[in-house]
Amino acid sequence: MNEVMLFGIGAMLTCFTIATFFLSRIPADIHPAEYDFRLDPLIGVILSMFIGGLGIYYLFPDYFDNIKDYGVLDFVLPFVFAIIIYFFYMLDFAIFTNFAILLCAFSMTFLLPDNFNLFQEYLSGWQNKLAIIAIMFTITKGLSLMNGLGGIGTLQFMTVMIVSVFLTLLGVAPHLLGFVAMAYLGAMLAFLFYSWPPEKLIITTGGFAALGFILACFMLNMSVEYAETSMFIACSYLFTETALAMYNKYIKNEKEEYSFMNTSYYKLSNYGEFEQYVVKGVLKIFAVNIALALLQVSSPERVALPVFSVAINMWVLSILSGETSPTEVLSVTRTGFRTLSKLLKNNKKEKNKKTTKKGSKAKKD
């Protein structure tokens with residue numbers, strides 16, 4: 001077996017064990033009405049990630065190869081900033097929270113190598129920094145929308161980590177980042193068991209925002225290693241789901257109490273669809289994104305596949321959030337034919353109505 005994969009599995013199992021230990025100390029079926037530090041599973045998840053990641057840095061110093069200007073500081077600071085963002089959420093001041101996220105994202109841009117430019121063909125140095133800050137802000141806020149949605153936010157996080165591990169095995173990213181991805185993956189896998197419906201433990205909105213910031217920082221470090229397009233594809237579902245939620249809230253003016261109520265996942269749950277079918281539909285989107293992200297490695301074009309993946313996600317989410325019955329669209333084999341036939345039938349009905357109206361008008365004249 002590949003040495004990288006062997007060590008990676010070890011890292012994942014270690015973090016899975018640590019996270020399970022932390023999470024099992026929290027009483028089950030707890031949904032605290034008021035914040036209680038002792039009952040917040042985020043602490044256990046972040047601690048296991050941090051212990052696992054830091055341990056890898058010191059246990060495998062030989063795997064610092066090909067990582068220019070990337071050290072322990074780049075690993076520690078995201079956790080420090082994530083905790084700061086988390087406690088700003090606890091204060092419940094939206095303006096201060098958004099400012100804190102932007103400030104933390106801005107601080108992370110100073111850790112990047114001087115020659116790094118995420119969009120070198122299109123943007124100058126300071127424009128590139130603004131774009132990075134906007135992306136980090138979107139990922140942080142976007143993952144917070146997944147709060148309480150039956151482990152979907154956890155699956156979002158895990159998808160990016162799975163892509164990162166494959167990129168490591170393909171030689172696109174350094175071994176060290178693959179080990180860190182495995183550590184993160186193991187910790188989130190442990191939380192997935194506790195957050196799967198019916199949820200025994202929930203992480204607050206601030207907790208998911210903190211995890212979102214860690215995810216954004218990790219994606220940024222992978223992008224420094226020229227895997228940015230694959231990372232965008234892996235995270236495209238999160239971008240499209242966030243855009244859809246914002247569209248429903250601010251453009252369509254749907255008066256929901258919480259932002260996550262505007263997501264397609266929540267709407268499907270409201271349709272009365274079984275959790276397993278909803279998750280199965282989401283997993284299919286993730287599977288397509290993972291395949292496209294790995295295909296990007298062999299593609300010289302840096303823009304086409306990311307745009308294509310976002311378009312596919314938007315198309316599927318628009319179907320899932322539309323008037324079509326969820327049972328018709330969650331099966332890949334039936335989606336295209338049933339949706340198309342339904343559209344054709346609707347168009348035929350509309351044409352018949354127009355013809356009937358014209359005929360009755362002509363008779364009157």
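Because only heavy atoms are used, hydrogens play no part in the values below, and waters and symmetry mates are left out as well, while side chains stay in. Small disclaimer: the values here were computed from a predicted structure and weren't measured.
- Annotation for Ala181 and Ser164: closest pair CB-CB, 3.9 Å, computed over non-hydrogen atoms.
- Remark: of the listed residues Asn221, Leu215, Ile135, Val163, Val163 is the sole one forming a side chain to side chain contact (heavy atoms under 4.5 Å, CB included) with Met231.
- Rounding to the nearest 0.5 Å places NZ of Lys141 at 8.0 Å from CE of Met246.
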*What do the steps show when you test Met136 against Met108 for side-chain contact (heavy atoms from CB on, under 4.5 Å), and what is the final call?*
CA-CA 10 Å; Met136 294 185 73; Met108 288 302 298; 4.1 Å; yes
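- Nearest heavy-atom pair across Lys129 and Thr109 is NZ-O, 3.4 Å.
- Counting only heavy atoms from C-beta outward, the side chains of Leu305 and Thr229 never approach each other to under 4.5 Å.
- Within the structure, the salt bridge (Lys or Arg N to Asp or Glu O under 4.0 Å) test picks out the following pairs touching residues 227-237 (sequence neighbours left out): Glu228-Arg302.
- A heavy-atom distance below 4.5 Å is found between the side chains of Val297 and Ser230.
- Hydrophobic clustering keeps Ile285 apart from Tyr247 (ILVMFWY residues linked when any side-chain heavy atoms are closer than 4.5 Å, directly or through intermediates).
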*Please test Met182 against Ile56 for side-chain contact (heavy atoms from CB on, under 4.5 Å), starting from the C-alpha separation and ending with a verdict.*
CA-CA 10 Å; Met182 275 286 193; Ile56 287 164; over 6 Å; no
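- Minimum heavy-atom separation, Leu42 to Ala210: CD2-CB, 4.4 Å.
- Residues Met90 and Thr204 have side chains in contact (heavy-atom distance under 4.5 Å, counting atoms from C-beta outward).
- In this structure, Phe99 has its ring center at least 6.0 angstrom away from the ring center of Phe88.
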*Evaluate the side-chain contact (heavy atoms from CB on, under 4.5 Å) criterion for residues Ile203 and Leu211: first the C-alpha distance (whole Å), next the side-chain angles of each, then the deciding distance (0.1 Å), finally the verdict.*
CA-CA 10 Å; Ile203 291 180; Leu211 289 171; 4.0 Å; yes
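- A distance of 14.5 Å separates CG in Leu54 from CE in Met49, rounded to the nearest 0.5 Å.
- Looking at heavy atoms from C-beta onward, Leu294 lies in side-chain contact with Ile290 at the 4.5 angstrom threshold.
- With sequence neighbours excluded, no residue satisfies side chain to side chain donor-acceptor pair (under 3.5 Å) with Tyr184.
- In the hydrophobic clustering of ILVMFWY residues, with side-chain heavy atoms under 4.5 Å counting as a link, Val76 and Met222 come out together.
- Taking every heavy atom of both residues into account, Met219 and Cys235 meet most closely at CE-CB, 3.6 Å.
- A centroid separation of less than 6.0 Å is found between the aromatic rings of Phe286 and Tyr237.
- With hydrogens and angles disregarded, no donor-acceptor distance shorter than 3.5 Å links the side chain of Ser236 to the backbone of Val310.
- Between Phe106 and Phe110, the angle of the ring planes goes over 60°, which puts this pair in the perpendicular group of the 30/60° scheme.
- With sequence neighbours left out, the side-chain contact (heavy atoms from CB on, under 4.5 Å) criterion links Cys104 to Phe81, Ile85, Phe213.
- In this structure, Leu103 is not a member of the same hydrophobic cluster as Tyr89, with clusters built from ILVMFWY side-chain heavy atoms closer than 4.5 Å.
- Qualifying side chain to side chain donor-acceptor pair (under 3.5 Å) partners for Tyr194, counting only residues two or more places apart in sequence or in other chains: none.
- Atom CG of Leu177 sits about 11.0 Å away from atom CZ of Phe179, to the nearest 0.5 Å.
- Under a hydrophobic clustering in which Ile, Leu, Val, Met, Phe, Trp and Tyr are joined whenever their side-chain heavy atoms come within less than 4.5 Å, directly or via other members, Leu102 and Ile95 fall into different clusters.
- Residues Trp126 make up the rest of the hydrophobic cluster containing Leu130, defined by ILVMFWY side-chain heavy atoms closer than 4.5 Å, directly or through other members.
- Considering CD of Gln296 and OG of Ser309, their distance stands at 8.5 Å, rounded to 0.5 Å.
- Here the side chains of Leu238 and Thr138 are not in contact, with every heavy-atom distance at 4.5 Å or above.
- Annotation: side chain of Glu241 is not in contact with side chain of Leu145 (no heavy-atom distance under 4.5 Å).
- Closest of all the heavy-atom pairs between Phe218 and Val180 is CE1-CG1, 4.0 Å.
- Atom-to-atom distance recorded for Ile84:CD1 and Leu77:CG is 9.0 Å, nearest 0.5 angstrom.
- For the atom pair OG1 of Thr17 and CE of Met12, the computed distance is 10.0 Å after rounding to the nearest 0.5 Å.
- A 4.5 Å side-chain heavy-atom check between Asn253 and Asn248 finds every atom pair outside the cut-off.
- Under the 30°/60° scheme for interplanar angles, the aromatic rings of Phe50 and Phe75 are found to lie parallel.
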_Intermediate values then yes/no, side-chain contact (heavy atoms from CB on, under 4.5 Å), Leu201 and Leu23_ = CA-CA 9 Å; Leu201 296 169; Leu23 294 172; 4.2 Å; yes
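- Annotation for Ile26 and Pro41: closest pair CD1-CA, 3.6 Å, computed over non-hydrogen atoms.
- Cation-pi geometry between Lys200 and Phe193 is not met: the NZ or CZ atom fails to fall both under 6.0 Å from the ring centre and inside 45° of the normal.
- Listed by chain and number, the residues in a side-chain contact (heavy atoms from CB on, under 4.5 Å) with Ile51 are Ile18, Phe22 (sequence neighbours excluded).
- In this structure the side chain of Leu13 reaches within 4.5 angstrom of the side chain of Ile9, judged on heavy atoms.
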